[in-house]
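In what follows, a single structure is set out as structure tokens and then discussed.
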Amino acid sequence: IGWRQEGDQLWFEPRLPANWGAFHLHFRYRETFYHMTFTSGGKDVAEVTVDGVVQSNRRITLVDNRQDHTVTIKLV
């Protein structure tokens, strides 16, 4: 998938096959789940949204608050 984690930061450098469509991924960070949806369309990250809020740095700041979070990664 091409993600990198450094401390509490998670970001993406996709390495996906050209024929992949949209897909979902469930990621557990300690006691917290991140439900991620990757859109199809390319290999570059255009936008990252966490719980409806666009992340200006296109990264996810991971928190362990035992709540589910919804993430959308738009690829172009």
Test of understanding: with side chain to side chain donor-acceptor pair (under 3.5 Å), list the residues that count as partners of Asn65, not counting sequence neighbours. His69

With Leu10 as partner, the option from Val48, Leu62, Val71 fulfilling side chain to side chain contact (heavy atoms under 4.5 Å, CB included) is Leu62

Is it possible for you to say whether Val54 and Met36 belong to one hydrophobic cluster, with membership spreading through side-chain heavy-atom contacts below 4.5 Å? no

Contacts of type side chain to side chain contact (heavy atoms under 4.5 Å, CB included), residue Glu13, not counting sequence neighbours: Arg4, Trp11, Arg15

List in chain and number order the residues that pass ring pair (Phe, Tyr, Trp, His ring centres under 6.0 Å) with Phe27, two or more places apart in sequence or in another chain; answer none if no residue qualifies. Trp3

Excluding sequence neighbours, so at least two apart, what forms salt bridge (Lys or Arg N to Asp or Glu O under 4.0 Å) with Glu6? none

Partners of Arg30 by salt bridge (Lys or Arg N to Asp or Glu O under 4.0 Å), sequence neighbours excluded? none

Does Thr72 offer a backbone N or O that forms a donor-acceptor pair with the side chain of Thr37 under 3.5 Å? no

Side chain to side chain donor-acceptor pair (under 3.5 Å) partners of Thr32, counting only residues at least two apart: Asp64

Under the side chain to side chain donor-acceptor pair (under 3.5 Å) test, residues paired with Asp68 that sit two or more places apart: His35

Kindly work out whether a path of hydrophobic side-chain contacts (I/L/V/M/F/W/Y, heavy atoms less than 4.5 Å apart) joins Phe12 to Leu25. yes

Who pairs with Gln9 by side chain to side chain donor-acceptor pair (under 3.5 Å), at least two apart in sequence or on another chain? Thr61

Spacing of Thr70 atom OG1 and Phe33 atom CZ [to the nearest 0.5 Å]: 13.5 Å

Residue pairs, two or more places apart or on separate chains, that pass salt bridge (charged side-chain N to carboxylate O under 4.0 Å, His left out) and touch residues 16-28: Arg28-Glu31

Just jot down the salt bridge (Lys or Arg N to Asp or Glu O under 4.0 Å) partners of Glu47, sequence neighbours excluded, or say none. Lys74

Val45/Ile73 under side-chain contact (heavy atoms from CB on, under 4.5 Å): CA gap, chis, key distance, verdict: CA-CA 7 Å; Val45 176; Ile73 297 97; 4.1 Å; yes

Salt bridge (Lys or Arg N to Asp or Glu O under 4.0 Å) involving Arg66 - partner list, sequence neighbours excluded: none

Within one Ile-Leu-Val-Met-Phe-Trp-Tyr cluster: Leu75 and Ile60, side-chain cutoff 4.5 Å: yes

